[in-house]
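What's counted below: heavy atoms across the whole structure, side chains too, no hydrogens, waters or symmetry copies.
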Amino acid sequence: MATQIQPTFDPTAWLHALVAIGGGYALASGRKLWLVVQDCPADDLTPVMAQLVGHPERVEAVRTVIERRQVGQV
C-alpha cells in the first residue's frame, strides 16, 4: 500500500490567496472567524475555500495567524 503525502498547509499563504481574489477576514470576539467573500469570483473562491472545508485544524491555524497579527507578533 502506497503512502499518500499530504501537502503542507500554510495559513499565511492561504490568507494571502483569499485577499488576492478580493476577499477579506476578521477575527471577532470569541475567536469567531469571519471570511468576507462577497466580491470574490466563484471560480477563484472554490479552490481557496476547498483547502479549509473539512479541516478544522487548518481553520484553527488561520485563527492563530490572525491572532498573532492582531497582537503584533507577525
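- Annotation for Gln38: atom CD does not count as buried by contact number, only 12 or fewer foreign heavy atoms lying within 6.0 Å.
- Side-chain contact between Val37 and Val48 is absent, with no heavy-atom pair separated by less than 4.5 Å.
- For the pair Phe9 and Val62, the minimum side-chain heavy-atom distance is below 4.5 Å.
- With contacts defined as side-chain heavy-atom distances shorter than 4.5 Å, the pair Thr64/Arg69 does not qualify.
- Counting heavy atoms from C-beta outward, Leu15 and Tyr25 have side chains that approach closer than 4.5 Å.
- Contact of the Lys32 side chain with the Leu27 side chain is not registered, since no non-hydrogen atoms from C-beta on lie closer than 4.5 Å.
- Taking all atoms of both residues into account, the shortest heavy-atom contact from Gly22 to Cys40 is C-SG, 3.7 Å.
- The heavy-atom pair separating Pro47 from Asp44 by the smallest distance is CD-O, 3.4 Å.
- Side-chain atoms of Leu35 and Met49, non-hydrogen and from C-beta on, do get closer than 4.5 Å to each other.
- The shortest side-chain heavy-atom distance between Arg63 and Glu60 falls under the 4.5 Å cut-off.
- Val19 is connected to Trp14 through a chain of hydrophobic side-chain contacts under 4.5 Å among Ile, Leu, Val, Met, Phe, Trp and Tyr, so both are in one cluster.
- A chain of hydrophobic side-chain contacts below 4.5 Å, direct or via other Ile, Leu, Val, Met, Phe, Trp or Tyr residues, connects Leu33 to Leu45.
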